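Residue numbering restarts at 1 for every chain, and letters A, B, ... go by the order of the sequence lines. Here the structure is a predicted model, which is why all the values come from computation and not from measurement.
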Number of protein chains: 2
Amino acid sequence: MNRHQKEKADEASGQGRPTLKTLAFMTGLGVTTVSRALKDAPEIGAETRRRVQLVAKQIGYRPNRAGVRLRTGKTNVISLVLNTEHEIMSFVSDIIYGVSEVIADTPYHLIVTPYSRSQDPLDPIRYLVETGSADGVIISRTQPNDPRARYMLERGIPFATHGRTDMGLIHPYHDFDNYAFAAEAVRHLAGLGRRRLALLAPPVELTYHGHTLAGFADALSEVGASEIPFNTVSIDHSIEQIRMRTAQLMRRENRPDGFISSAAAATLAIVAGIEDAGLKLGRDVDVVSKQSSELLHLFRSELLVVNENFRLAGAELARSVLGWIGGAAPGTLQSLSEPGEVQAYRRPA
Amino acid sequence: MNRHQKEKADEASGQGRPTLKTLAFMTGLGVTTVSRALKDAPEIGAETRRRVQLVAKQIGYRPNRAGVRLRTGKTNVISLVLNTEHEIMSFVSDIIYGVSEVIADTPYHLIVTPYSRSQDPLDPIRYLVETGSADGVIISRTQPNDPRARYMLERGIPFATHGRTDMGLIHPYHDFDNYAFAAEAVRHLAGLGRRRLALLAPPVELTYHGHTLAGFADALSEVGASEIPFNTVSIDHSIEQIRMRTAQLMRRENRPDGFISSAAAATLAIVAGIEDAGLKLGRDVDVVSKQSSELLHLFRSELLVVNENFRLAGAELARSVLGWIGGAAPGTLQSLSEPGEVQAYRRPA
DNA sequence: GTGACAATCTGTAACGTTTCAGTATATAGC
DNA sequence: GCTATATACTGAAACGTTACAGATTGTCAC
């Protein structure tokens with residue numbers, strides 16, 4: 001053993017975290033061989049491969065992320081880009097849990113990249129792409145003509161959108177079928193004899209605003225009901241504003257006898273507004289609302305709900321991004337989640 | 001210009017992301033000098049320093065994270081460790097936003113490290129420490145004798161806990177003063193003439209269970225009220241279970257005339273249970289509840305609430321970890337958030 | 001004019017990984 | 001017994017950064 005080899009041995013047997021060098025020393029092989037053996041390269045003998053993998057498992061070898069990243073550019077990171085002001089409540093945690101679930105047994109880490117209202121939504125995306133900080137990106141609050149999706153498509157970085165775009169460009173997405181939700185809600189209300197319906201929609205700039213409106217309009221004409229315009233507020237407005245507007249609306253001559261709400265928090269405000277006007281839920285007016293956790297029926301048992309599963313959305317989004325990274329065609333990584341039935345409250349046994 | 005230098009120039013002028021080499025070529029300096037100039041090292045001439053920094057800003061140089069991490073071991077990552085099953089609702093998003101806010105203008109990234117109920121809570125921590133994946137860690141669901149805190153203290157990795165421990169060991173934390181919350185709640189209920197109080201507490205294993213119970217007990221004897229035991233459920237139980245237990249309790253002879261609830265979601269269940277038993281909030285019984293978003297008063301206007309700000313908690317926790325990483329003494333990075341007054345509902349104007 | 005010293009800058013090596021371009025050995029063809 | 005070829009392995013270089021150990025000036029004391 002010459003001086004050079006001795007040095008190597010000394011270093012490799014050090015008690016730090018094991019590296020390829022450690023493994024190479026322990027197995028008596030070269031680093032290259034060890035590296036290739038660990039990734040099942042065909043030009044490594046079957047026995048050597050097993051031997052290396054056994055030792056690696058025994059001493060708990062884990063590839064150094066920085067080393068891999070520096071050499072290959074692969075970050076093993078998925079970034080979830082979130083708006084710090086709009087994305088309220090359980091949405092976010094459910095999506096995060098959904099994503100986590102899927103990447104749990106992959107080498108991927110989840111990083112959360114926030115941006116605030118004051119910023120250009122493109123800023124965080126640019127940062128991620130320019131610094132090569134992630135292998136894949138998940139965005140929400142998707143717009144029909146979304147500059148973020150366009151930008152990432154141009155740069156060829158894998159991503160998935162929560163919600164669809166409408167630019168004639170193909171990319172992975174997961175969406176809830178808000179057209180079906182709105183249409184079903186209208187039909188259900190019509191079935192209860194409601195004829196004058198108001199819709200509290202998502203903010204105009206988001207794609208699913210259009211979907212929701214379309215489903216609402218189509219079903220209205222289908223059942224022969226009419227719309228009471230309620231577009232001075234959206235689910236992005238404050239509780240106070242929605243409540244006030246609802247109360248105003250309900251005090252008018254031609255008030256709605258049915259509401260459809262695209263978000264649970266907003267529904268609380270709508271109900272408050274209805275009651276401010278001295279009216280009663282279930283008697284004077286019915287409300288169908290989306291919800292992401294089963295809490296609205298505790299709030300008012302008369303509420304009619306449709307569930308939207310954000311945890312599932314997170315999982316689907318993660319699967320899509322990983323799929324794209326793995327080389328699948330973006331067009332095959334699109335999914336739409338159908339709403340269940342409109343649920344009336346059932347008393348627990 | 002010899003062959004060697006020419007190569008360097010060719011590479012450096014390449015259109016990829018700028019590196020120290022690019023800067024070195026542009027300024028005519030050595031990489032070492034550039035590196036040191038960028039971090040304001042004293043042995044670099046003032047003018048050179050300014051020049052390098054100017055060029056760096058102009059071409060949008062950003063240090064390569066993998067390079068830094070490989071060389072120095074510094075990850076520039078803070079990990080937020082979350083339980084995927086317990087941590088429900090807005091808690092998580094608020095904490096994330098709070099953390100994000102603080103690390104926004106630092107080089108730090110936030111990674112979310114999840115673990116599920118089935119796992120040992122120590123698992124994710126071990127993973128982070130062994131793989132050196134983060135410079136700092138934030139944990140929640142803190143226990144009086146918390147193996148995670150002990151483990152990280154032993155390894156010397158900076159962390160902060162959401163909630164305190166009780167092991168005689170010093171580490172940064174942020175906590176809500178649940179002793180004060182429970183005590184104030186009792187006093188408020190006593191002020192309303194309530195005498196038989198029930199407490200829906202946090203799960204026993206968590207530190208703030210003890211704090212809450214202590215505040216409850218101390219204030220009970222202070223005001224001369226009595227406890228109606230309600231410890232078959234905690235805020236970790238399902239809505240259905242809490243509801244059922246509450247209804248059972250309220251049908252008993254010696255039922256409580258006041259409730260204190262440590263979580264908003266659980267409060268919905270308590271109220272449902274009360275109403276299941278045919279009793280009325282505000283008349284037969286009063287409920288004081290913690291909430292993290294201003295929604296409970298919409299649910300039932302008779303509810304009495306105390307706000308807990310999780311966004312603030314997230315921000316404080318991030319500040320603590322960064323402080324520790326920056327070399328501050330752990331003992332100086334502890335904070336306790338005092339609850340505000342118990343709020344009764346005020347009708348909006 | 002020489003030596004000492006400070007000020008300013010530089011090359012080399014190393015962190016852990018993968019890729020490139022090999023080398024050594026065994027097997028087969030003839 | 002020779003070349004060709006496949007099999008199994010290997011060292012060196014590179015990714016971008018920082019730390020170490022110099023190197024080159026210029027200034028000053030004497």
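- Ring centroid separation for the pair B/Phe159 and B/His174 does not come in under the 6.0 Å cut-off.
- Dashed line: the shortest gap from a side-chain N or O of A/Thr32 to OP1 or OP2 of D/dG11 is not under 4.0 Å.
- Considering only side-chain atoms of B/Leu29, the nucleotide from D/dC15, C/dT10, D/dA19 that sits closest is C/dT10.
- Looking at A/Thr165 and A/His171, their side chains do bring a donor and an acceptor atom within 3.5 Å of each other.
- Listed candidates were D/dC15, D/dT17, C/dC15. Nearest to the side chain of B/Lys21 is D/dC15.
- A 4.5 Å side-chain heavy-atom check between A/Phe91 and B/Ser93 finds every atom pair outside the cut-off.
- You'll find that the side chain of A/Pro63 is closest to C/dT17, out of D/dT18, C/dT17, C/dT10.
- A donor-acceptor pair shorter than 3.5 Å cannot be found between the side chains of B/Asn64 and B/Arg69.
- For D/dT17, neither phosphate oxygen OP1 nor OP2 lies less than 4.0 angstrom from any side-chain nitrogen or oxygen of B/Thr72.
- If you check every strand for non-hydrogen atoms under 4.0 Å, B/Leu20 touches a base.
- Within the nucleic acid shown, B/Gly67 comes within 4.0 Å of at least one base atom, counting heavy atoms only.
- Rounded to an integer number of Å, the gap from B/Phe25 CZ to D/dG16 P is 16 Å.
- The phosphate of C/dT18 has OP1 or OP2 within less than 4.0 Å of a side-chain N or O from A/Lys39.
- Looking at the side chain of A/Ile44, the nearest of the listed nucleotides D/dT17, D/dC9, C/dG16 is D/dC9.
- Each of C/dT18, C/dG16, D/dT18 was ranked by its minimum atom distance to the side chain of A/Thr19; first place goes to C/dG16.
- The shortest distance between the side-chain N/O atoms of B/Thr48 and the OP1/OP2 oxygens of C/dC9 is below 4.0 Å.
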